[in-house]
Amino acid sequence: MGNRKVVWFLVFALTFTLFGLHPERTSAASVTITNGTDWLDTAGNPIHANSGNILQVGSTYYLYGEHAVGGKFDSVNVYTSTDLKNWTFSNAILTKDSATELASSKIERPKVIYNALNNQYVLWAHYENGTDYNLGRVAVATSNTPNGKFTYEGSFRPMNYESRDMTVFVDTDGTGYLVTASRKNGGANDTMAIFKMNASYTGIQSFEGWLFENAYREAPAVVKKGNRYYLFTSQAAGWYPNQGAYATATSMTGPWTALTPYGNPSAFGSQIHDIATITGSNTTSYIYMGDRWNPMNLGEHKHIWLPLTLNDSNGTASLEWYTTWNIDAATGVVTPPALVNHAQGKTATASSTASGSSVSNVNDGNYQTSWVASSNSWPAWWQVDFGAPKDDHRNRHVLVYV
Ligand code: GAL
């Protein structure tokens, strides 16, 4: 981690966690989503559903995701819930025994979509052999129910283009799309590609164009609000968290805007895998679903779910960090905690400041600015004066050493 990220993380953790968490009271049906902890299913077992998606069928939510053991595909699991917090293991819908080529493989970013034309559920995922990332294929499987055993239909490169991190999206007119990290020029994942699916969503109908040329974007996730499409991506950084960015368009086939960063420079220690749309009786809310991988131990994965704000007026998206927040799946109402950032805008001092940066960058409320010490000499420190004692802590200063 670079100094900037350490500073951001420490200041954020100190300011928000120690000094100002006041969760609001919420209605009975509202549940608390807690980030960065080990999530268990209703039987008390870890929820093994990484990099997947949520599908709503009636009042039931289906959470899909992959489970790898020892770096190889074990299963795509599905869990069910009516409140988005209490998840019951339902089935392993695809396993390493479902097909010969899955016995020693990688299945990443599984997404299940519903095809209203033939009443089928279709699973798409990134497929690789068990040893490297050179195949660059998608895998497809189908089922008549959202949680049945899916029938494996095989793997392929969409129209012979490489395909790695990917997502699928069903538009309001029923058209299915594949958005994927592909290769246009020299490098694996250098440019994203967008394809239209065939009517059964089991194959590709047409190549629709390139996106973000040579930007090396990964982990695509699409959501539509009103007439606007938002496409969220991560950088290509292996399992390490990095700066997320999004683009918008009024058609899936573009033109797409340039990329705008969201969240903080580590996407709050996560990599996006989907945006869930929760349509309640009062409102529709959007949940940012991220994976917090541990690159040293992939088994230690954590789910990071945050309320995502999509602003209709100017087409911007914004993401804030909350350790805990509430959602009522029935009404769709999200209740973030009432946080007080006691440090924001207060007088800050530091051991030194590199030219081009500023001590106030740390507590200016802008995640994209940061303070850098002028030399590598150790220790460097940054301090803020709250101006007055706060009733939730005895000290007047936060001192951060980096
Ligand atoms: C990441 C990608 C993940 C996974 C990983 C393997 O860049 O987003 O989905 O493929 O690389 O190292």
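Starting from 1, each residue takes its place in the sequence as its number. Numbering of ligands and ligand atoms starts at 1, following listing order. Heavy-atom basis, side chains included; hydrogens, waters and symmetry copies ignored.
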* For atom CG of Asp132, decide whether the heavy atoms of other residues, nucleotides or ligands shown that lie under 6.0 angstrom number more than 12. => yes
* To do: With sequence neighbours left out, write down each residue that passes side-chain hydrogen bond (donor to acceptor under 3.5 Å, both in side chains) with Ser182, or none if nothing qualifies.
  => none
* To do: Output the set of protein residues with a heavy-atom contact under 4.0 Å to ligand 1, ordered first by chain identifier and then by residue number.
  => Glu108, Arg109, Tyr133, Asp165, Glu218, Gly238, Trp239, Gln271
* To do: Name all pairs fulfilling the side-chain hydrogen bond (donor to acceptor under 3.5 Å, both in side chains) condition that reach into residues 206-216, sequence neighbours left out, sorted by first residue then second.
  => Lys184-Glu213, Asn185-Glu213, Asn185-Asn214, Ser206-Glu208
* State the OG1-CG distance between Thr88 and Asp41, to the nearest 0.5 angstrom. => 7.0 Å
* Residues forming a side-chain hydrogen bond (donor to acceptor under 3.5 Å, both in side chains) with Asn314, sequence neighbours excluded -> Thr316
* Phe195/Tyr161 aromatic ring centres below 6.0 Å -> yes
